[in-house]
Structures are given as C-alpha cells and as structure tokens.
2 protein chains.
Amino acid sequence: MIAPVIQDSIRVLQTQGYKVTKPRRQVLGVLEEAQKSLSPYDIQRILRQRGKYLNHVTIYRILHLFCRLNLAHKVLSAGGFVKCVLDKKEGCHRFLICRCCGTLQEFADDELCQHEKKLAQNSGFHTEYHLSESLGICSDCSKKQ
Amino acid sequence: MIAPVIQDSIRVLQTQGYKVTKPRRQVLGVLEEAQKSLSPYDIQRILRQRGKYLNHVTIYRILHLFCRLNLAHKVLSAGGFVKCVLDKKEGCHRFLICRCCGTLQEFADDELCQHEKKLAQNSGFHTEYHLSESLGICSDCSKKQ
DNA sequence: TGCTAATTGCAACAATATTACAATTAACCT
DNA sequence: AGGTTAATTGTAATATTGTTGCAATTAGCA
C-alpha cells in the first residue's frame, strides 16, 4: 500500500520527465512517514537501519530536486527537510512546528497569502515565493504538561 | 556617529547584563551596514578587510547571543544572519528578500501576526515565535529590468 | 533485450559549526 | 586610576554538513 502523497509525487516526477528511481522512492517514503523534518543525514541513518544504503551525495541531490519540484521543503526552525503534502500553486508554504516533539504540520490559507503579498507589493516588492514558520507547542504536547 | 539601531542594541546588552565588548560592537556594526544577510564567515571576511581579526568561534557565539536577544535573526531564503531593526514584542519576524540583489528589508504588521496566530490556535497550536520570509524582486531591481 | 541519457556512487575536498580549555578583558569595586 | 573577577574571546582540534568531477549503474524507451 503506497500513500497517496507518494503516488502524487511519483506522478510529478514522471510528468516532468524525471526517472522514478529506487533512491527517490526511498527518500519519498522516509519523508512521508516522518511527521517531522529530517536532515539529509537523518534520512541516510533511517534507511541504513533498514539495511538500505544511500550515498549522502545522492540524498542531497534528491532533496534539491524535490524542493525544486515543490515535493519537499526546507524549514529553518527545524533545520531539515519535510515532505510537502499540499499543492503549492501560490508558492506559499506554512508550517507549524512543535518545539517539544518536533512534529510539523503544513497548512494552507489563500487569504493570508494574498494579504501578505499585497502588503509587500505596497513597498514595490514582487513576491515569488513565500515561507511561513510558526514555532510553538502542539495540542498534544500542551495536554501532556 | 553611531547608528541608533546600534545604540539600542548596546542598551539591550547592558540591561540584560551582557558586556559591551569590541567584537560585539564590530559584529553589530557590520550587520547594521549590510542591507543583506551575512553568514558568520562573511562577517569575518568583511572585518578582515578592515584589518580587524575576529575568530569564527567568537562570531558564532555572538550571533547566537544576538538571536537569543532578538537583535539579529537568521533567514533561510538568504542563508545568513541579519540585524533586526524592529522591536519583536510579538515574536514575529517578517522579511522581504530580493533574489536579484540580495537586499533584505524587515517589516511589521501586527494584524497579520494576530491573524496567523489565531489560525494556528484553531488547530490547538500555541505559537511562540513566528517567521515569515518573502522571496522575490525588489522595486529597484524590477525597474532595472 | 539492447541502447542511451539520466542518475547514482565514489573519492576527494570545501565550507560550516561545535567543544574544551587557556588567555584576555569589560565592568565593578574601592 | 589600578586591581579583581566573572564574562568573554582565542586557540586548537574535531565534527558535521554540503559540493564537485568523474566513473559505474540503471530506468525508460524502442
């Protein structure tokens, strides 16, 4: 059973003329399972635990490709890469990152995006890409405390 | 003539019980002059050109401190550190970064911050810190083209 | 199945970041 | 002003992260 997010990502690779290789599928899988952001070396470690070896250079190249294709995204607050689950037609990425458990969720809000772009436009700035990260405590962690 | 932003930063250091050392003043100065984000090694290079040598370890430590005190900020889209010019009472940082000239401007919008926090709150997430980066083209660069 | 361009692995290296400990210095005190 | 001390910086060594060129491999296609 392959997750739909991965199916979609594979379709993107194909339609853009990129090969669907074993390493790419493996990285997609690891990113999809993780509910948090992973560094390239994290991904390597996880795969190695499963007896699969990928060279770190390969992982870097795959992650760069995924980011270019909007299949993954780099986050600053968590210092790694995440699998994107939402379409990014607006070039707008929003993440909620829990500083307790590291869990990361992606959310979308078109209105907010538009508003943000408009504000920038007011000072003559044309936005091509927008990134928003909120660092805090998720509902699960705040319940536990 | 010392820039007011630096004066303010020095005051923050003092009131928080940190020493106002030569290295800290130098890093503050370099960050303030730059209209774009600088990596720790960028800062070292710039100072060296002026005949001032700072160890990179020192620069890292200073930058960490500045970030903790909200005097500087790390940006993902530009991959370096910037001097903050606005008060960050809300723990909310917004930057416009030009992908042509690298220029970076900080802006504030309380309403946007509140709205963003509220949206997160709807899914039980409590925001402590928020980061927003818009990558695009500044007015100067779009005129030139 | 064989061909070919795309992709991966490898090796070497470059850049970035951290740690422990010794040397220095800013801020405070008479 | 000069001495004291805790905070800060420098040094050295090391760890981590990221990049490049080139040879080996493989996915996708005829």
Side-chain angles (χ1 to χ4, degrees), chain A residues 2 6-7 9-31 37-48 50-69 71-82, chain B residues 2 6-7 9-31 37-48 50-69 71-82:
Chain A
I2 300 168
I6 295 190
Q7 302 272 27
S9 301
I10 287 176
R11 210 158 300 131
V12 170
L13 284 174
Q14 286 170 335
T15 57
Q16 304 277 330
Y18 293 98
K19 290 183 180 174
V20 179
T21 65
K22 205 174 353 171
R24 282 175 185 168
R25 261 195 300 257
Q26 289 171 345
V27 172
L28 270 178
V30 172
L31 282 179
S37 82
L38 302 173
S39 78
Y41 287 95
D42 287 337
I43 294 170
Q44 191 178 47
R45 228 166 280 134
I46 291 170
L47 285 171
R48 191 154 17 187
R50 303 179 186 175
K52 293 153 199 289
Y53 178 78
L54 278 193
N55 193 280
H56 72 277
V57 180
T58 303
I59 298 175
Y60 273 98
R61 285 190 283 225
I62 289 175
L63 288 172
H64 285 160
L65 175 66
F66 285 2
C67 285
R68 256 201 334 274
L69 298 178
L71 301 178
H73 190 84
K74 185 161 193 182
V75 282
L76 179 65
S77 312
F81 293 82
V82 287
Chain B
I2 299 167
I6 296 190
Q7 302 272 28
S9 301
I10 288 177
R11 210 159 300 131
V12 170
L13 285 174
Q14 285 170 334
T15 57
Q16 304 277 331
Y18 294 98
K19 291 184 179 175
V20 180
T21 64
K22 205 172 355 169
R24 283 175 185 168
R25 261 196 300 256
Q26 288 171 345
V27 173
L28 271 177
V30 171
L31 282 179
S37 82
L38 302 173
S39 79
Y41 288 95
D42 287 338
I43 294 170
Q44 190 178 49
R45 229 165 281 134
I46 291 169
L47 284 171
R48 192 154 16 187
R50 303 178 185 174
K52 292 154 200 292
Y53 179 77
L54 278 193
N55 193 281
H56 72 278
V57 180
T58 303
I59 297 175
Y60 274 98
R61 283 190 285 225
I62 288 175
L63 288 172
H64 286 160
L65 176 66
F66 285 2
C67 286
R68 255 202 333 275
L69 298 178
L71 302 178
H73 191 84
K74 185 162 193 181
V75 282
L76 179 64
S77 313
F81 295 82
V82 287

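Throughout, protein chains are lettered first and strands after them, A, B, ... in sequence-line order, and every chain is numbered starting at 1. Side chains included, hydrogens not; waters and symmetry mates left out as well; all remaining heavy atoms used.
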Rounded to whole angstroms, how far apart are [atom1] on [X] and [atom2] on [N]?
{"X": "Leu28(B)", "N": "dT8(D)", "atom1": "CG", "atom2": "P", "result": "14 Å"}
{"X": "Leu65(B)", "N": "dT8(D)", "atom1": "CG", "atom2": "P", "result": "7 Å"}
{"X": "Ile59(B)", "N": "dT18(C)", "atom1": "CD1", "atom2": "C1'", "result": "15 Å"}
{"X": "Asn55(A)", "N": "dT20(D)", "atom1": "CG", "atom2": "P", "result": "15 Å"}
{"X": "Leu54(B)", "N": "dT16(C)", "atom1": "CG", "atom2": "P", "result": "17 Å"}
{"X": "Leu76(B)", "N": "dT16(C)", "atom1": "CG", "atom2": "P", "result": "15 Å"}
{"X": "Lys52(A)", "N": "dT8(C)", "atom1": "NZ", "atom2": "C1'", "result": "16 Å"}
{"X": "Phe81(B)", "N": "dA17(C)", "atom1": "CZ", "atom2": "C1'", "result": "10 Å"}

Can you say whether a donor on the side chain of Arg61(B) sits under 3.5 Å from an acceptor on the base of dG10(D), or the other way round?
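Yes.
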Is any side-chain N or O of His56(B) under 3.5 Å from a base N or O of dT18(C), one able to act as donor and the other as acceptor?
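By the distance-only test, yes, there is a pair.
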Closest to the [X] side chain, choosing from [options]:
{"X": "Thr58(A)", "options": "dT17(D), dT18(C), dG9(C)", "result": "dG9(C)"}
{"X": "Val57(B)", "options": "dG28(D), dT8(C), dA12(D)", "result": "dA12(D)"}
{"X": "His64(B)", "options": "dT18(C), dA27(D), dT8(C)", "result": "dT18(C)"}
{"X": "Tyr53(A)", "options": "dC10(C), dA5(C), dT17(D)", "result": "dC10(C)"}

In the structure I gave you, are the side-chain heavy atoms of [X] and [Y] within less than 4.5 Å of one another anywhere?
{"X": "Tyr18(B)", "Y": "Ile10(B)", "result": "no"}
{"X": "Ser77(B)", "Y": "Val75(B)", "result": "no"}
{"X": "Ile62(A)", "Y": "Ile43(A)", "result": "no"}
{"X": "Leu31(B)", "Y": "Leu63(B)", "result": "yes"}

Would you say a side-chain N or O of [X] is under 4.0 Å from OP1 or OP2 of [N]?
{"X": "Thr21(B)", "N": "dA26(C)", "result": "no"}
{"X": "Lys74(A)", "N": "dG18(D)", "result": "yes"}
{"X": "Tyr41(A)", "N": "dT17(D)", "result": "no"}

Considering the options Gln44(B), Arg50(B), Arg48(B), which one meets the side-chain contact (heavy atoms from CB on, under 4.5 Å) requirement together with Ile46(B)?
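Going through Gln44(B), Arg50(B), Arg48(B) one by one, the side-chain contact (heavy atoms from CB on, under 4.5 Å) with Ile46(B) is satisfied by Arg50(B) alone.
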I need the [X] [atom1] to [Y] [atom2] distance, nearest 0.5 Å.
{"X": "Ile59(A)", "Y": "Phe81(A)", "atom1": "CD1", "atom2": "CZ", "answer": "11.0 Å"}
{"X": "Ser39(B)", "Y": "His56(B)", "atom1": "OG", "atom2": "NE2", "answer": "12.0 Å"}
{"X": "Leu65(A)", "Y": "Leu71(A)", "atom1": "CG", "atom2": "CG", "answer": "7.5 Å"}

Heavy atoms under 4.0 Å, any strand shown: does Arg24(A) hit a base, just sugar-phosphate, or nothing?
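Sugar-phosphate contact only.
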Hey, does Val20(B) reach any base, or is it just sugar-phosphate, or nothing, if we go heavy atoms under 4.0 Å?
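Contact class for Val20(B): sugar-phosphate only.
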Residue whose nearest DNA chain C nucleotide is more 5′ - Tyr60(B) or Lys22(B):
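By nearest-heavy-atom nucleotide position, the 5'-most residue is Tyr60(B).
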Can you say whether the rings of Tyr41(A) and Tyr60(A) are parallel (under 30°), tilted (30 to 60°) or perpendicular (over 60°)?
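Rings of Tyr41(A) and Tyr60(A): perpendicular, over 60°.
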Any residue in residues 10-18 of chain B with a heavy atom nearer than 4.0 angstrom to DNA chain C? Just list them by number, or reply none.
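Here the set is empty: none.
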Looking at every heavy atom in both Ala78(A) and Ser37(A), which two are closest together, and how far apart are they?
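Smallest interatomic distance, heavy atoms only, reads CB-OG, 3.2 Å.
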Compute the bend angle of the helix from dT1(C)-dA30(D) to dT30(C)-dA1(D) from the end axes (five pairs per end), rounded to 10°.
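If I round to tens, the end axes sit 40° apart.
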